[in-house]
Amino acid sequence: MSKYIFVTGGVVSSVGKGITVASIGTILKSRQISVTAQKLDPYLNVDPGTMSPYQHGEVFVTQDGAETDLDLGNYERFIDVNLTTESSVTSGQIYSEVIAKERRGDFLGGTIQVVPHVTSEIKDRFKLLAEKSKADVVIIEVGGTVGDIEGLPFLEAARQMRNEVGRDNILYVHVTLLPYLNSTKELKTKPTQHSVNELRRIGIQPDIIACRSDYPISEEIRNKISLFCDVERKAVIPLTTVSTIYEVPLVLEEEGLGELITDKLKLKPQPPDLSQWQELVNLIKTPREPVKIALVGKYVELEDAYFSVREALQHAILHHGRDLELVWVSSETLENSGDDSILRTVQGIIVPGGFGIRGIEGMVRAATYARENKIPYLGLCLGMHVMVIEFGRYALGSQEANSTEFDAKTSHPVIDFLPNQKGQKIKGGTMRLGNYPCKLTSGSRADRAYGQSLIYERHRHRYEFNNEYRQRLEKAGLVYSGLSPDGRLVEVCEVADHPWMLASQFHPEFTSRPGHPNPLFRDFIGAAKDVLREGAQPPLPLSSNL
Ligand code: GLN
């Protein structure tokens, strides 16, 4: 039977709960304990698929096609597992299910209530993941902050689980913030005390309190939290802000969290081995020569909108022993100003996914710059549409080339709606989602990158390469380096007469892991790192005649 760890958050949001969950997973896994993770999101959307990145940050896609919170990406990268739909639970899903059951007559005669009907539905989701994953430990993050109205049913379900599975099989971890007051130069514990009181009011006494703070936490503060919040002294774990998220498992391990959890849950662990994480963090902290990459997108004001892209770049950069200098370029500004001088300073250009027309012409401009100046380019989903539009305009000699997403009446729809989706009106969950196979063309850059002919990558899109333009663009030098096995869909394409200009219909960023960069990101950085920046001096050949 699986054991459960519930992680709640107090005081403020964005306190690092997701990274704490992911890091607990890492330290348990390093002891040969199998783990999986689940995120509970209290909002009423069924999934974040229809939310703006400004509201929500990146939408992470699982292999089986669930559109989920970006925390799932951190769980996958830290625990190195491929999660599934069961790992993402929202209030929207829970209420839809309970109401559907009521309409079906499953509860005939009964009054449907939050307790027990909604809470039972939630508990079923905990148990379903435990059953399906067969993990030793299921770590569950309760989204939001304790005290939020929407989060109550989730907390109540978490409380009820204690009696169902028994005290030795469940653990409650509360992550809080210790604010620092500059005037008195001290960390304050009162908000933590209040949020623990709030938890207790619901019936949950935390076993462990992880205290996020930008400053070192003194023994005195630890003792105080232990006393006022009624947790053991060793169960007050400092979570001091570190320079890289990949250091958090090491910090928690050093504070004894791994031993504490395995003792409390009466698990039988192997000795921990975090040597690979230590190596990774050592590498991140070593000064390295930077590679300057421009990320040209429309949501650049909110870096979380491209979370997995940034992480994948980071993995690839570390593989090459270099440092990432990421320049966030607003495609809208590029479009409106027409000034691409910022691109002259970079060694590679990445155009990530996105929806809607805003800023598209700025992205096309970046693709033109990359093609004409032979700067490495990686396009991800929308970034492939942009590359095809740009190449189409060049090859067809017409500015009309476009996607019907941006110009429904264009005379050159090089990117178009999937034929079976024409007339589709419903927006939620109607895209091509999750893993699809792709056959790589022998000898292409994509084929060389992956080193195997059949790959699976994750998708999230509606529009596709229009096959009516295949031959014309091929003649002008576009290479179709990855197709769906039936040959109907273009999955990867590249520009032939260019050092490295490649784009994929799928999102390779979702499968990249620290220590195992996605092959497309790895080779993109491999090409970019050798590009000379404007004004840089090429290394001179040493000659004995001088
Ligand atoms: N807007 C494009 C489509 O729907 C691309 C989507 C994406 O980049 N994820 O096909």
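Remember, it's 1-based here, ligands and their atoms both numbered in the order they're listed. Everything quoted here is computed from the prediction, not taken from an experiment.
Atom 4 (O) of ligand 1 has its closest protein heavy atom at Arg462 N, 3.2 Å. Regarding atom 9 (N) of ligand 1, its nearest protein heavy-atom neighbour is Arg460 O, 2.8 Å. For atom 1 (N) of ligand 1, the closest heavy atom belonging to the protein is Glu405 OE1, 2.8 Å. Remark: minimum distance from atom 7 (C) of ligand 1 to any protein heavy atom is reached at Cys381 SG, 3.1 Å.
The distance between the ring centers of Tyr480 and Phe465 falls below 6.0 angstrom.
Residue Glu464 does not touch ligand 1, judged by heavy-atom distances below 4.0 Å. Residue Met431 does not touch ligand 1, judged by heavy-atom distances below 4.0 Å.
Between Arg432 and Glu464, at least one side-chain nitrogen of the basic residue sits less than 4.0 Å from a carboxylate oxygen of the acidic one, meeting the salt-bridge criterion. The residues Asp41 and Lys39 are annotated as salt-bridged, a charged nitrogen and a carboxylate oxygen being separated by less than 4.0 angstrom.
Aromatic ring pairs are classed by plane angle as parallel below 30°, tilted from 30° to 60° and perpendicular above 60°; the pair Phe126 and Tyr4 is tilted. Aromatic ring pairs are classed by plane angle as parallel below 30°, tilted from 30° to 60° and perpendicular above 60°; the pair His459 and Phe506 is perpendicular.
You'll find the side chain of Tyr377 stays beyond 4.5 Å of the side chain of Trp500, heavy atoms only. The shortest distance between side-chain heavy atoms of His315 and Phe521 does not fall below 4.5 Å.
Which parts of ligand 1 touch His507 is read off a 4.0 Å heavy-atom cut-off, strictly below it: atoms 9 (N). Every atom of ligand 1 with a heavy atom of Gly353 under 4.0 Å away is listed here by number and element: 8 (O).
The closest non-hydrogen atom to atom 6 (C) of ligand 1, taken over Ser403, Gly356, Gly354, Gly379, comes from Gly354.
The distance criterion of under 3.5 Å between nitrogen or oxygen atoms is met by Leu382 with respect to ligand 1.
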